Amino acid sequence: RRQRHQDKQQEDAQGDIQTPEQKGYFPQMSAGGGRPTQLVAGVHSVRSALTHGADTVVELWVESRRRDRRIEEIVALAERSGIPVNPIDREQLERMLPAVNHQGVAARTAVLSALGEGALENLLSGLDVTPFLLVLDGVQDPHNLGACLRSADGAGVHAVIAPRDR
């Protein structure tokens, strides 16, 4: 492992290894309409993006050696939605997402903006059932926020309300 790291450092120094931008991994830095994009990594996060917001997913990268059921499900979801699926080496994926547990899959998605009170009123008036809302205040840790959002999704929450400044 140490030798592989030294070889990689030597290749970097020689300029043989290109950055993800140089290799063209980020051909679209914005989604339709010029919206900014972000990278989403990991099996659960990418599957959720494809299941609940496929229209925001611009493209998908999958580690070329992974051939398990979870990855095949993600690829099938992307293909059904017409999202380009790009095979990529594990090393390239790790350079693309340093220090991230990507689990062999990443997606570029449009960054969603928060909706205002008017959108909430429209959502509530369009419901035929009693609204199920999650109201958050003071959640500072992104991992806790993620856990709250995943739980809300699993429970069928219609909307999450949180302060704009946090």
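These figures come from a predicted structure and were not determined experimentally. These numbers come from the heavy atoms of this one structure, side chains and all, not from hydrogens, waters or symmetry mates.
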* Please write out which residues are connected to L127 in a hydrophobic cluster, directly or through intermediates, given that two of Ile, Leu, Val, Met, Phe, Trp, Tyr count as joined at side-chain heavy-atom separations below 4.5 angstrom. => L120, L123, L124, L133, V135, I161
* To do: Evaluate the side chain to side chain contact (heavy atoms under 4.5 Å, CB included) criterion for residues V157 and D153: first the C-alpha distance (whole Å), next the side-chain angles of each, then the deciding distance (0.1 Å), finally the verdict.
  => CA-CA 6 Å; V157 166; D153 181 45; over 6 Å; no
* To do: Using the test side-chain hydrogen bond (donor to acceptor under 3.5 Å, both in side chains), find all partners of H143 that sit at least two apart in sequence or belong to another chain.
  => none
* To the nearest 0.5 Å, how far apart are CE in M96 and CD1 in I88? -> 5.0 Å
* Sort and list the pairs that fulfil salt bridge (charged side-chain N to carboxylate O under 4.0 Å, His left out) and have at least one residue in residues 46-56, not counting sequence neighbours. => R47-E73
* To do: For Q38, enumerate each residue passing the side-chain hydrogen bond (donor to acceptor under 3.5 Å, both in side chains) test, keeping only those at least two apart in sequence or located in another chain.
  => T109
* Ignoring hydrogens and geometry, is there a side-chain-to-backbone donor-acceptor pair from H158 to P131 under 3.5 Å? -> no
* Structure fact -> In short, C148 meets L136 closest at the heavy-atom pair SG-CD2, 4.1 Å
* **Single-linkage hydrophobic cluster, 4.5 Å side-chain cutoff, L60 and L39 together** => no
* Asked: Is E94 paired with R90 through a side-chain N to carboxylate O contact shorter than 4.0 Å?
  -> yes
* Under the side-chain hydrogen bond (donor to acceptor under 3.5 Å, both in side chains) test, residues paired with D68 that sit two or more places apart -> R66
* To do: First locate atom CG of L97, then atom CH2 of W61, and finally report the distance between them rounded to the nearest 0.5 Å.
  => 8.5 Å
* To do: Rounded to the nearest 0.5 Å, what's the gap from CD on Q92 to CD on E63? Could you check?
  => 10.5 Å
* same_hphob_cluster(F132, L149) at 4.5 Å side-chain heavy-atom cutoff -> yes
* Structure fact -> Minimal heavy-atom distance between S125 and N122, with the atoms involved, is OG-O, 3.0 Å
* Can you list the steps and then say if R108 with V57 is a side chain to side chain contact (heavy atoms under 4.5 Å, CB included)? -> CA-CA 6 Å; R108 175 169 304 286; V57 179; over 6 Å; no
* **Minimum-distance pair of heavy atoms, taken over all atoms of A110 and V58** => N-CG2, 4.4 Å
* What distance separates S64 OG from I71 CD1, expressed to the nearest 0.5 Å? -> 11.0 Å
* Structure fact -> Rounded to the nearest 0.5 angstrom, the CG-CD distance for L93 and Q103 is 11.0 Å
* With a 4.5 Å limit on heavy-atom distance, are the side chains of V43 and I74 in contact? -> yes
* **Test item: S48 side-chain N/O and H44 main-chain N/O as donor-acceptor pair under 3.5 Å** => no
Distance-only donor-acceptor hits, side chain of residues 75-85, under 3.5 Å, sequence neighbours excluded:
from	atom 1	to	atom 2	distance (Å)
S81	OG	L77	O	3.3

* To do: Starting at NE2 of H102, measure out to OG of S45 and round the result to the nearest 0.5 Å.
  => 13.0 Å
